[in-house]
A.B. asks: 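What follows is a structure written as structure tokens; I'll ask about it next.
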Amino acid sequence: MSNHQRPTPRQRRRHEEGEEDDVKISSSSSSKSSNSKEDVLWWSEKRVWAFALAFRAANALLIQTYFNPDEHWQSLEVAHRIVFGYGHLTWEWKEGIRSYLHPLLFALLYKMLAFLRLDTPRFMAKAPRLLQSLFASLGDLYMYKLSKLIFDEHVAKWALFCQLTNWFMFFCITRTLSNSLETVLTVMGLFYWLSSSGTSKQLSSASRKLGLFIAALACAIRPTSAITWLYVGLLDLFKMHSRLPFLLIEVFPIGILVLAISGLLDLWMYGSFIIVPLNFLRFNFLSSGGDYYGIHKWHWYFTQGFPSMLLTFLPYSLIGIFRSKEWRISGLIAWVLGVYSVLGHKEFRFVLPVLPIALIFSGYSLAVMSKRDCSAAQSRKFKPGDKCPSRVQLAMLFLVITNVPMALYMGLIHQRGTEDVMFYLSKEANNGQVKSILFLMPCHSTPYYSTLHHDLPMRFLDCTPSVTKGILDESDRFMMDPPGFVLSMFKNISLPSHIVLFGSEESQLRELLISYSFKEVKRFFHAHFKVDRDLQASVVVYSLTQS
């Protein structure tokens, strides 16, 4: 394996250079409070996990908003179809570029709910996020363990604080996106991979194999996870003396095993032999198929995307990177951002797996700051009666007041109308008030059968990528001329009992809908500011009065 032994290179380098103890994060033996039995007990890994589990469960229940269609359409909708026999499969599932490995986790949950007769709309909507909160809490625990492995327990405590208070982690990690599970697996895999050095030979081999298995699992769920593991694996491979045995005895067998398991699951679900990772990479990398959904400038991840995710943690992460000099770990962040920058289509969630790594460096900065505050207090720079907050306390306050309101706003308010409307329609359908639904909005703007949980005819505007460039899909044609598109559609379909649309288009369609005997029955707040093309301030439901 690698020669990354304990003590860490950082510790050896600073010992050789004779740096002062205030830069070295490890707590000194003279610090009684940090070494007390009570402190050790409180920060035991069981307690950390218990706290993280409770925190993420509350996190999952607080999330009331819509973020990305894949949360519903590429996981829950597929799982709902597997278990209950109805649910929409998007074009990706027809082309075989998605693995059933991720949706099957939620299919098992749905099966359990159905068996216990708990498959009510509310449970169907909340239970998947609660399951994901379990995975997220494991991610928090292993982020704590990874921080302790790379640095020490003092840094790990601060890194956990950063992880739990970062707005984007709160906003995204309990959502049922494959990226959320990929993030958890990435942190777990990194911990076992890095901990395979500095232990006994037997434990080292077991830890490395477990890290490889988790890495392979992450790649099976989301093939682009290979970007992360190519960097991690190749760095250590170059340092090895026995590379060929490592590849033949460990890497290839474990990779083939996981590929075989996911392949058999896909064979069972698809009904034919399909190599999903190959199809996925061919569409997203070789053909730039993702560009159909929009493109950004090459530097977007560096100048806008990742800085927005870190928000006020950004300066602390940068300081931590340069002060710690752990270039191997920080290089992973730069590598992932750099490779994804080559692709035209960019999204925040694609680089979520390296966000915990950046937050570890934020934790390092805060740990250095707290250590220096303690040193200043011990040297009597601060009198015992002083009430002035320390620098680290001010930093904590700054991070909390800049992240918590953002997390709550994005999780409770921004873009919640499309979630609320489906709960409303689900209740109405349960009372027999809904016969069919038409969604006159950009495709995949709302959850679907996985939230409605009633087998009713529903239709949304199709946005399947066209083989021929320049041909507009239904969603684009509707946005260009809402009245003309709807008038043409109504001539060729049976009128639905309910229509759902955004307020921005409703103003153009109101008279037309009234002329067809529709009336407004419900309006939900959606957003305060522009999200996509227009200000989608509200979601409106119209009902056919003659239905």
Side-chain angles (χ1 to χ4, degrees), residues 50-84 86-88 102-140 164 168-181 183-184 349 407-431 434 444-456 458 522 524-526 539:
F51 178 78
L53 183 59
F55 181 88
R56 291 305 177 193
N59 184 173
L61 293 174
L62 281 171
I63 297 297
Q64 306 287 332
T65 55
Y66 196 82
F67 171 42
N68 187 278
D70 283 13
E71 178 184 2
H72 299 282
W73 294 81
Q74 305 297 356
S75 55
L76 304 186
E77 195 66 20
V78 181
H80 193 277
R81 184 182 178 91
I82 293 171
V83 176
F84 299 102
Y86 62 97
H88 182 83
H102 184 237
L104 280 172
L105 292 173
F106 301 103
L108 290 173
L109 175 64
Y110 282 159
K111 198 71 177 177
M112 186 182 302
L113 291 177
F115 177 77
L116 297 173
R117 296 184 180 181
L118 293 174
D119 56 322
T120 63
R122 184 62 63 173
F123 269 102
M124 293 292 291
K126 297 299 180 183
R129 284 179 179 167
L130 285 172
L131 176 60
Q132 178 57 35
S133 73
L134 171 62
F135 301 142
S137 68
L138 287 172
D140 295 333
L164 298 181
F168 194 84
M169 192 62 68
F170 185 93
F171 175 64
C172 193
I173 197 64
T174 60
R175 295 182 184 273
T176 53
L177 294 159
S178 59
N179 311 88
S180 300
L181 185 56
T183 301
V184 173
R349 62 191 177 95
L408 293 176
Y409 177 78
M410 297 297 291
L412 287 168
I413 300 172
H414 182 62
Q415 292 195 98
R416 71 170 293 160
T418 50
E419 296 270 346
D420 289 341
V421 73
M422 293 308 295
F423 288 133
Y424 166 77
L425 290 171
S426 179
K427 292 177 182 178
E428 291 292 291
N430 195 50
N431 295 329
V434 180
H444 308 142
S445 292
T446 69
Y448 214 50
Y449 284 109
S450 58
T451 299
L452 187 78
H453 197 48
H454 284 84
D455 193 5
L456 300 172
M458 293 200 293
K522 199 72 175 178
F524 299 92
F525 165 80
H526 187 61
V539 177

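Remember, it's a predicted structure, so these values are computed and weren't measured experimentally.
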A.B. asks: CD of Gln74 to CG of Asn179: how many Å apart, nearest 0.5 Å?
C.D. replies: 11.0 Å

A.B. asks: Test Leu425 against Met422 for side chain to side chain contact (heavy atoms under 4.5 Å, CB included), laying out the working first.
C.D. replies: CA-CA 5 Å; Leu425 290 171; Met422 293 308 295; 4.2 Å; yes

A.B. asks: If I take atom OH from residue Tyr449 and atom CG from residue Asp455, how far apart are they, to the nearest 0.5 angstrom?
C.D. replies: 6.0 Å

A.B. asks: Between Leu177 and Cys172, does the side chain to side chain contact (heavy atoms under 4.5 Å, CB included) criterion hold? Intermediate values first, please.
C.D. replies: CA-CA 8 Å; Leu177 294 159; Cys172 193; 3.8 Å; yes

A.B. asks: Check salt bridge (Lys or Arg N to Asp or Glu O under 4.0 Å) between Asp420 and all other residues, then give those that pass, not counting sequence neighbours.
C.D. replies: Arg416

A.B. asks: Which value, rounded to the nearest 0.5 Å, describes the distance between Asn430 atom CG and His453 atom NE2?
C.D. replies: 9.5 Å

A.B. asks: Tell me whether the count of non-hydrogen atoms from other residues, nucleotides or ligands lying under 6.0 Å of OH in Tyr424 goes above 12.
C.D. replies: yes

A.B. asks: Could you give me the CA-CA distance, side-chain angles and deciding distance for Gln132 and Arg56, then say whether side chain to side chain contact (heavy atoms under 4.5 Å, CB included) is met?
C.D. replies: CA-CA 9 Å; Gln132 178 57 35; Arg56 291 305 177 193; over 6 Å; no

A.B. asks: Quick one: pull up CG in Leu164 and CG in Asp140 and give me the separation to the nearest 0.5 Å.
C.D. replies: 5.0 Å

A.B. asks: For Leu456, what residues pass the side-chain contact (heavy atoms from CB on, under 4.5 Å) criterion, not counting sequence neighbours?
C.D. replies: Ala429, Val434, Leu452, His454

A.B. asks: Evaluate whether atom NZ of Lys126 has more than 12 neighbouring non-hydrogen atoms of other residues, nucleotides or ligands under 6.0 angstrom away.
C.D. replies: yes

A.B. asks: Is the Phe170 ring parallel, tilted or perpendicular to the Phe55 ring (thresholds 30°, 60°)?
C.D. replies: perpendicular

A.B. asks: Which pair of non-hydrogen atoms, one from Ser133 and one from Ala60, has the smallest distance, and what is that distance?
C.D. replies: CB-CB, 3.9 Å

A.B. asks: Measure the OG1-CG distance between Thr176 and Asn68 for me, rounded to the nearest 0.5 Å.
C.D. replies: 10.0 Å

A.B. asks: Can you name the salt bridge (Lys or Arg N to Asp or Glu O under 4.0 Å) partners of Glu71, sequence neighbours left out?
C.D. replies: Arg129, Arg175

A.B. asks: Check Tyr409, Tyr66, Phe67 against Phe171 for a ring pair (Phe, Tyr, Trp, His ring centres under 6.0 Å) and give me the one that passes.
C.D. replies: Phe67

A.B. asks: Is the distance from the ring center of His444 to that of His72 below 6.0 Å?
C.D. replies: no

A.B. asks: Would you call the rings of Tyr110 and Phe84 parallel, tilted or perpendicular, where under 30° means parallel and over 60° means perpendicular?
C.D. replies: tilted

A.B. asks: Determine whether Leu105 and Leu181 make a side-chain contact, defined as any pair of heavy atoms from C-beta on separated by less than 4.5 Å.
C.D. replies: yes

A.B. asks: Less than 4.5 Å apart, any side-chain heavy atom of Met124 and any of Leu113?
C.D. replies: yes

A.B. asks: Roughly how far, to the nearest 0.5 Å, is the CG atom of Leu62 from the CG atom of Leu408?
C.D. replies: 7.0 Å

A.B. asks: Of all the heavy-atom pairs spanning Thr451 and Pro121, show the shortest one and how long it is.
C.D. replies: O-CB, 4.1 Å

A.B. asks: What's the verdict on side chain to side chain contact (heavy atoms under 4.5 Å, CB included) for Ile413 and Thr65, showing C-alpha distance, side-chain angles and the deciding distance?
C.D. replies: CA-CA 7 Å; Ile413 300 172; Thr65 55; 5.7 Å; no

A.B. asks: Would you say Pro128 and Leu109 make side-chain contact, with heavy atoms under 4.5 Å?
C.D. replies: yes

A.B. asks: Is the backbone of Thr446 close enough, under 3.5 Å, to the side chain of Trp73 for a donor and an acceptor to pair up by distance?
C.D. replies: yes

A.B. asks: Please give me the minimum heavy-atom distance between Pro447 and Thr418, naming the atom from each residue.
C.D. replies: CD-O, 3.3 Å

